[in-house]
*Asks:* 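The structure under discussion is supplied below as structure tokens; questions concerning it will follow.
Just so you know, ligand 1 is whichever comes first in the structure, and atom 1 is the first atom listed for that ligand.
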Amino acid sequence: MSEKKQSRVRFAPSPTGMLHLGNIRTALMNYLFTKQNNGDFILRIEDTDPARNFDPGAKKIIADMQWLGLDYDEGPEKDGPHQPYFQSERQKCYQKKLHDLIDNGSIYRCFCSSEDLQKRRARQIALKQPPRYDRKCMKLTHAEIQEKLNKKEPFIWRFKLDHDNKITIHDLAHGDIIFDPKNFSDFPLTRQDGTFTFMFANFVDDALMNMSHVLRGEDHLTNTAGQAALFIALGLPLPTYWHLPILANIGGKKLSKRDFGFALHDLKQAGFLPEAIINYLAIIGGGTFAKEIMSKEELIQNLDFKNISTTGQVKYDLEKLKWINHKWINQYEPSQLTEQCLPFLLAEFPEIDNLDKKKLTQLIQTIKSDLTTLTDVTDALRFYFKEPQITKKLIDQHFDSQLVGKLKPLIKKHLNLLSSPLSFSNEIKKEAKEQNIKIKDLFGFLRFVLTGQLHGPSITDLVEMLGEDEVKKRIEKVL
Ligand code: GLU
């Protein structure tokens with residue numbers, strides 16, 4: 001994006017559920033876009049529908065934004081020139097704009113009941129006509145309206161689309177888009193209980209909060225026509241739009257709850273790092289990069305909005321996300337990685353609480369190359385916290401008894417070298433070679449004795465991790 005002017009963008013989630021990858025990607029694109037030109041990023045909570053508000057005070061959204069590192073410049077729990085940032089607290093602003101629209105004759109009262117509307121809609125569909133509001137109430141006379149008001153008939157306010165003029169919006173992804181208002185219904189601005197609709201509140205806030213750009217999912221494209229019409233009706237400058245493709249799963253279907261990782265909550269629980277999620281969501285559908293593992297700051301530097309996929313699908317590939325997570329785990333600052341792993345370890349091994357952090361960090365650093373997600377740390381370190389029960393039966397299952405017969409005395413002979421893990425491992429290796437025993441067999445057996453696993457850290461690392469006494473104890477039990 002070559003525009004260098006200061007921008008103001010917003011992420012405007014409805015607190016109707018948990019944040020998911022689709023809306024996080026929208027938030028991220030807004031964030032990166034505006035931070036590339038020193039602009040502002042605003043969080044606005046679109047809670048106009050109390051019945052569907054599952055996150056009062058947007059506490060979860062705010063916590064998730066913090067966890068992801070998407071810091072906003074204005075929004076809930078922060079001061080800002082356009083407070084409040086909850087739509088449920090902005091009734092006065094909507095009321096005022098509604099009056100402006102009444103004054104300039106752009107809206108009318110509609111008394112049609114929802115049953116009537118449904119019947120008329122069904123009739124239009126049966127006649128193969130496009131289902132649109134038939135403007136019945138636009139034709140009411142002043143006296144008829146007055147009579148209905150006197151009878152206290154419930155009504156809503158509808159916006160009167162100007163059928164004589166097409167609406168043009170500028171979209172950075174799609175170029176100029178021209179809508180013919182004849183293809184749309186005169187849409188409601190209020191509900192019968194006097195509350196305001198999403199269409200209207202969203203427009204009022206974008207106008208009052210001076211949004212320069214509106215970046216959101218393609219699923220909002222049809223709302224854009226009506227919202228642009230509202231800007232035009234009040235003589236306000238239109239924001240520049242950017243409608244982003246909706247995320248799809250690997251099979252090409254719209255990403256949904258059924259796809260693992262769709263909900264941020266799932267990814268958190270499965271041990272994905274916030275940096276990895278951000279990194280992944282920024283680079284999918286973003287062209288090719290010389291280097292794929294990037295911090296938020298590097299993404300701001302390197303993401304070229306010209307290369308962002310604007311059409312078709314952006315596919316969510318869990319395997320790629322896992323790969324990025326693995327890379328992030330391996331480049332994380334050691335003590336921070338320990339902090340991230342700690343909750344997973346504590347859940348499995350509560351006794352860890354009294355282990356010193358330095359030792360824990362050393363353990364995690366030794367096994368981190370085996371981790372795809374943070375949850376893997378429990379399996380990778382299980383041998384350390386819980387001594388494996390190595391029975392003869394288990395050994396027989398995995399190793400040839402003749403081989404074991406040779407390995408036991410070989411290992412036993414060198415136990416006195418354990419205080420130096422490297423010499424111990426070098427010496428047993430040397431002797432194994434002399435006896436024509438494969439090193440792979442020797443180390444495989446020893447690793448099994450120490451960890452109960454066939455794969456894992458090197459013998460030197462294992463001796464280092466467990467310490468001389470523990471290693472001796474575990475080996476002697478088996479020998
Ligand atoms: N509240 C809308 C949603 O959650 C966002 C609308 C917008 O970004 O304009 O889908």
Side-chain angles (χ1 to χ4, degrees), residues 7-34 39-58 60-62 64-65 68 70 72 74-76 82 84-90 93-94 97 159 167 169-174 177 179 187-189 191 195-231 236 238-247 254-257 262-264 281:
S7 57
R8 280 181 64 78
V9 302
R10 83 302 192 274
F11 173 47
S14 306
T16 51
M18 303 278 204
L19 283 192
H20 56 75
L21 288 188
N23 49 25
I24 295 169
R25 182 162 185 265
T26 302
L28 176 64
M29 288 297 142
N30 274 286
Y31 177 87
L32 296 174
F33 177 85
T34 206
D40 296 325
F41 177 52
I42 288 98
L43 174 65
R44 182 174 78 221
I45 306 300
E46 303 215 316
D47 54 350
T48 47
D49 188 352
R52 297 182 62 218
N53 187 353
F54 294 119
D55 181 13
K60 291 197 189 90
I61 293 179
I62 295 167
D64 283 344
M65 295 288 282
L68 289 164
L70 294 175
Y72 46 90
E74 294 169 32
H82 300 284
Y85 292 91
F86 286 92
Q87 289 193 328
S88 56
E89 296 169 17
R90 297 177 58 80
C93 305
Y94 308 139
K97 277 277 177 283
F159 182 75
I167 302 162
I169 63 141
H170 187 61
D171 189 289
L172 291 173
H174 303 270
I177 306 179
F179 297 101
F187 55 90
L189 306 186
R191 304 190 187 93
T195 57
F196 297 92
T197 60
F198 153 74
M199 278 290 279
F200 184 54
N202 182 274
F203 146 74
V204 174
D205 290 341
D206 283 346
L208 291 180
M209 294 182 179
N210 299 323
M211 291 304 150
S212 62
H213 294 77
V214 169
L215 277 70
R216 58 184 178 187
E218 244 167 28
D219 49 337
H220 283 291
L221 201 51
T222 48
N223 296 330
T224 305
Q227 289 170 338
L230 283 162
F231 277 96
L236 297 167
L238 280 170
T240 300
Y241 291 90
W242 186 312
H243 288 92
L244 298 153
I246 299 298
L247 286 187
K254 186 179 166 192
L255 204 63
S256 77
K257 271 190 228 144
F262 176 64
L264 181 64
L281 287 177

*Asks:* Walk me through whether Asp40 and Tyr72 qualify under side chain to side chain donor-acceptor pair (under 3.5 Å).
*Replies:* CA-CA 8 Å; Asp40 296 325; Tyr72 46 90; over 6 Å; no
*Asks:* Would you find a donor on one side and an acceptor on the other, under 3.5 Å apart, between the side chain of Arg191 and the backbone of Phe196?
*Replies:* yes
*Asks:* With a cut-off of 4.0 Å, which atoms of ligand 1 are near a heavy atom of Asn202?
*Replies:* 6 (C), 7 (C), 9 (O)
*Asks:* May I ask you to list the atoms of ligand 1 that are less than 4.0 angstrom from any heavy atom of Glu46?
*Replies:* 1 (N), 2 (C), 5 (C), 6 (C)
*Asks:* So if I apply the side chain to side chain contact (heavy atoms under 4.5 Å, CB included) rule between Asp205 and each of Gln87, Lys97, His82, Arg10, which one comes out positive?
*Replies:*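 The residue from Gln87, Lys97, His82, Arg10 that satisfies side chain to side chain contact (heavy atoms under 4.5 Å, CB included) with Asp205 turns out to be Gln87.
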*Asks:* For ligand 1, does Asn223 get within less than 4.0 Å through its side chain, its backbone, both, or neither, judged by non-hydrogen atoms?
*Replies:*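 Neither part.
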*Asks:* Taking CZ in Arg52 as the centre, count heavy atoms belonging to other residues, nucleotides or ligands within less than 6.0 Å. Is the count above 12?
*Replies:* no
*Asks:* Distance to 0.1 Å, residue and atom name: give those for the protein heavy atom nearest to atom 8 (O) of ligand 1.
*Replies:*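 Nearest protein contact, heavy atoms only, for atom 8 (O) of ligand 1 is Arg10 NH1, 2.9 Å.
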*Asks:* Does a side chain donor of either Ser212 or Ser7 reach within less than 3.5 Å of an acceptor in the other side chain?
*Replies:*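 No, no side-chain donor-acceptor pair sits under 3.5 Å.
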*Asks:* For Arg216, counting its heavy atoms only, list the atoms of ligand 1 lying under 4.0 Å from any of them.
*Replies:*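 Those qualifying, in numeric order: 7 (C), 8 (O), 9 (O).
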*Asks:* In this structure, is the centre-to-centre distance between the rings of Phe231 and Phe203 below 6.0 Å?
*Replies:* yes
*Asks:* Starting from atom 10 (O) of ligand 1, locate the nearest protein heavy atom and write down its residue, its atom name and how far away it is, to 0.1 Å.
*Replies:* His220 NE2, 2.9 Å
*Asks:* Are any of the N/O atoms on Phe198, whether in the backbone or the side chain, positioned under 3.5 angstrom from an N/O atom of ligand 1?
*Replies:*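 So ligand 1 has no N or O lying under 3.5 Å from an N or O of Phe198.
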*Asks:* Nearest to atom 5 (C) of ligand 1, what protein heavy atom do you find, and at what distance?
*Replies:* Ala12 O, 3.2 Å
